[in-house]
Structures are given as structure tokens and as C-alpha cells.
Amino acid sequence: MTKTYENEKGNLKIDVSENAMEAYLTIKLTRDVINEEEIKELINKAGIVYGFDTAADENKEAGIEKEYDVPFLIAKGGLDPFKSELVCKFEAETCYAPGKDPSRVSLTGWCFVEAGTKLADIKVDENSNAIKNIHGVTLEQRDLHSLYSSQYIDRNVTFKDSEKAIYSTIKGYPYLNNDGKVGVVDVLGLTSEQINDAKYLHFKTHVDIDGPIKDCGLLSVEGNVTVHGNVDNCAIYATGSIHVDGTVSGCKPIGLISHRDITFNSGRATFFHAKSTIKPERQVIDSRMVAGDAVVGPDRTFEISGGSCYAANYISGAYAGDRFNSATRIEITQDCYPQMLKNNLQKIIDNKLFAPVIIDELKSNLDLINEDSNLGERLSEENGISFKGKIFPGVELVVNGKLITMDKVESDVVITF
């Protein structure tokens, strides 16, 4: 039942709802002057101490203003405003965040954390977790963990109640997004503009680039690299796989180096070194491909013309050479990947062809290769060389030291060992 409170003059009335969650004030139109103190006294008489701000916000949002002889919401119970403060342990303003577009300067300064790293503290007013009526009586305590989760928790982080702190659950780059939530990513979503013309970039997790890239001195990634577009005049070194949706051209003398696989559409004048497999879709011209396991492309579209192709176990495709009799070498030889890659890197280091920061990076990578005695993962079940289309004169086929020179056009060539 609604409770009603009136002043002595009878020109002020407060109605309190049965559950004491709402209170309405009615100001009657009389000749008496309304005194603010009289309103305060009536509020005190009704025992209202809580919910004034909530009522004011609701009236403002609804566009409601006081009118004579019309009940007006003056107090509303419910949740206290969640009073808290997030204190990040990393430079949130300059760090990566999904949807942000930081300057290139900040790219190399982003904070990287291991799993279990403390990312932020949460300072909370412990009284702000209660549901109260207009008399200030607590009806229910809210779950603080749920509040923290909805307010501050994004991907790959967890909240520890005992410490009121946020921790990473994976290794990666922490961020504070536009909604004020903390998270960690292990795949950096970047744009072409952030990579193009950069002299040197190093990231400690997977990278996904939206669009073509060009003129990057060295993109070094401790993980996988995906480029949704072409790659022109760049160097990419990845401990994971490299995937390029488009054409790779003019990438040497460093080229594309992967400790796993390289896949791309087509290539021109580029060095490719992959510890496991290289998988082109179409034509590769005047390039060098070196794979610890195999170079394998579709037997209807993959063509090798000019340059060289080396693999430890298997090379297959559609066409080798061209009608101009371009010199093309296709060779099966053991240990080609580590030896040829190390020789190439050493030559670059010795000749100091790049800026010191890139040379230092290549030295570190060379040390890793020297320490790694494992051969690339064997994915191919076959051995030898196979081209289902044509092989033209000018092509040299070598299998474990045995040389076969093409003097005329041959079709459907298969050489096994």
C-alpha cells in the first residue's frame, strides 16, 4: 500500500510506493508560497535518504519537468552508481588497441606481456555494490566480480577477487579499448599504412595485415604473418608461417623467410626460404625458392620460369621454364634450407647491406638457425620432381647430384628416387 505524507498547510504531498523504491512529490496550486525548507522537512518526515540522483537523471532523460498538481518523481531506489577506478600497469595510451590507429612510432613501443602478468588494479568503493530502497535500506548485495567483468574485462584476461586486479591469460599485447576494457591480443591487426616505408618493425606475436605492403626494410615477427594483398620490395622474417594473398615481387636479398611454411599467389624477383614447405598458386619468375621439405603448387597453374627452386624431398607443379628457354634450375638436395639460408644471411651481414638494427636482427636469427638442428617437418609423402604440364629447354633438373638437362619440350615429367 502506498504511504502518503503531507505538510501542515496541505499544499505538499509525498507518495511512497509500497516497496519503498519510488517517491513522488505533488505541489498543489494554492495561494501559499512554497518554501524549499518545507519540502526538505517533508522529505525527512517520509524518511527519504537515497535515490535523488537516479530520479533526477530519469526525469532529465524523459524530459519531465515539475508541474502543479502532478506527482513528480523525486527519489528512486535501485543500484548505486558503480564507483571505481582502473589503474593500468601498462602505457594504455600508446599501446595497441583493436580499432585504434596509432602512429608508426608507437608500433615498436607497444608493451608485450607473458601469461599471468598483472595488467591493472581496480580501486572500488565497496559501498557501491548494493541495491537500496529510498530509505537507504540495502535489499541485495551485487556480485562485484560480475560488475568488474562487465565494466573492465575484455578478451584473454581474468580478474582476481582477492587482489582486485586484472591478469593476462595469454602472452601478447595488452590494450585498453574505447569502452575502457582491458584485454590481450595474440594476433595484431595492422594496416598497410602502418607497415609501408617502415625501416624496421619487430612484433612478438602473430600479425595480420589488411591490404598490400611495400618498401618495408624488415618486418620481423615471432609468429605467423598474413598479408591480405601484394608484397613489394619488403623483407619478412617469421618464426611461424607466412601467407600472402597476392603477388610477392622485388623482395631480396633478404626476401621472405619462414621457420614453417610460405604460401602465396605468384612471385617475381624474390627470395623465398621456408623450413618446411613453399606453396605457390601460380607463376614464379626469376626467383629463388628453398624449402626444407617441399615446393608444391597446383599441377595446372603453378609455373617456374627463370631462377632456381630447391627442396629436400619433393618439387611439383605444372610447368617449368618457358618458350624463351630461360635458365631455370630445379633441384632436390638434402639440407638445402639451413645451408643456403645461412649463406645468404651471412653474406648480407658481412656486406652490411642494411641499417645496423636490421643487421643485428639478422645476426640473432642466424644464431637461432645455427642452434636449430631439426630439419623441417616432413609433410610430403613423395620424393623427387613432378611436373604434369610441360618442361622447356633451358631447365636443369637435379636429384641428389644427378643432373638432367632438358634439350626439348617434355610433358608429364616424373623423377623419383
The criterion is salt bridge (charged side-chain N to carboxylate O under 4.0 Å, His left out); which residues satisfy it with Glu222, sequence neighbours excluded?
none
Do Thr270 and Ser287 pass the side-chain hydrogen bond (donor to acceptor under 3.5 Å, both in side chains) test, and can you show the C-alpha distance, the side-chain angles, and the key distance before you say yes or no?
CA-CA 5 Å; Thr270 291; Ser287 299; 4.9 Å; no
When rounded to the nearest 0.5 Å, the distance separating CE of Met289 from CZ of Phe271 is 12.5 Å
Could you check whether any side-chain N or O of Thr239 sits under 3.5 Å from a backbone N or O of Gly223, counting only pairs where one atom can act as donor and the other as acceptor?
yes
Between the side chains of Gln346 and Asp350, does any donor sit under 3.5 Å from an acceptor?
yes
If we ignore hydrogens and angles and just use 3.5 Å, is the side chain of Asn196 paired with the main-chain N or O of Lys214 as donor and acceptor?
yes
Closest approach of Leu218 and Glu361, non-hydrogen atoms and distance?
CD2-CG, 3.6 Å
Taking the side chain from His206 and the backbone from Asn224, do they hold a donor-acceptor pair closer than 3.5 Å?
yes
Whether over 12 other heavy atoms sit under 6.0 Å from Lys181 NZ:
yes
Could you check if a side-chain atom of Val231 sits within less than 4.5 angstrom of a side-chain atom of Cys251, using non-hydrogen atoms only?
yes
Taking all atoms of both residues into account, what is the closest heavy-atom pair of Leu73 and Asn59, and its distance?
O-ND2, 2.9 Å
For the side chain of Ser308 and the backbone of Arg329, is there at least one donor-acceptor N/O pair under 3.5 Å apart?
no
Ion pair Glu58/Lys76, N-O distance below 4.0 Å:
yes
For the residue pair His202 and Tyr200, categorise the inter-ring angle as parallel (less than 30°), tilted (30 to 60°) or perpendicular (more than 60°).
tilted
Would you name the heavy atoms of Pro298 and Pro280 that are closest together and state the gap between them?
CD-O, 3.3 Å
Any sub-3.5 Å donor-acceptor pair from Ser276's side-chain atoms to Arg260's backbone N or O?
no
Under 3.5 Å, is there a donor-acceptor pair between the side chain of Thr328 and the main chain of Ser326?
yes
If you measure from the Lys or Arg side-chain nitrogens to the Asp or Glu carboxylate oxygens, is any gap between Lys171 and Glu114 under 4.0 Å?
no
When you compare the side chains of Ser305 and Asp322, does any donor N or O come within less than 3.5 Å of an acceptor on the partner?
yes
So, Asp261 side chain and Thr277 main chain: donor-acceptor pair closer than 3.5 Å or not?
yes
Taking Asn156's backbone N and O only, do any of them form a donor-acceptor pair with Thr169's side chain (distance below 3.5 Å, no angle check)?
yes
Which of these, Lys89, Lys160, Lys164, sits in a salt bridge (charged side-chain N to carboxylate O under 4.0 Å, His left out) with Asp121?
Lys89
Which class fits the ring pair Phe272 and Phe264: parallel under 30°, tilted 30 to 60°, perpendicular over 60°?
parallel
Testing the basics here: between Thr26 and Pro71, what is the closest heavy-atom pair and its distance to 0.1 Å?
OG1-CA, 3.4 Å
So does Ala312 get a backbone contact from the side chain of Gln334, meaning a donor-acceptor N/O pair under 3.5 Å?
yes
Are the side chain of Thr226 and the backbone of His243 linked by a donor-acceptor contact shorter than 3.5 Å?
no
Assess whether atom CG of Asp208 is packed by more than 12 heavy atoms of other residues, nucleotides or ligands within 6.0 Å.
yes
Over all atoms of both residues, closest heavy-atom pair of Val244 and Leu256:
CG2-CD2, 4.3 Å
Considering residues, nucleotides and ligands other than Lys118, do more than 12 of their heavy atoms fall under 6.0 Å from its NZ?
yes
Shortest non-hydrogen contact from Leu86 to Gly180?
CD2-O, 4.0 Å
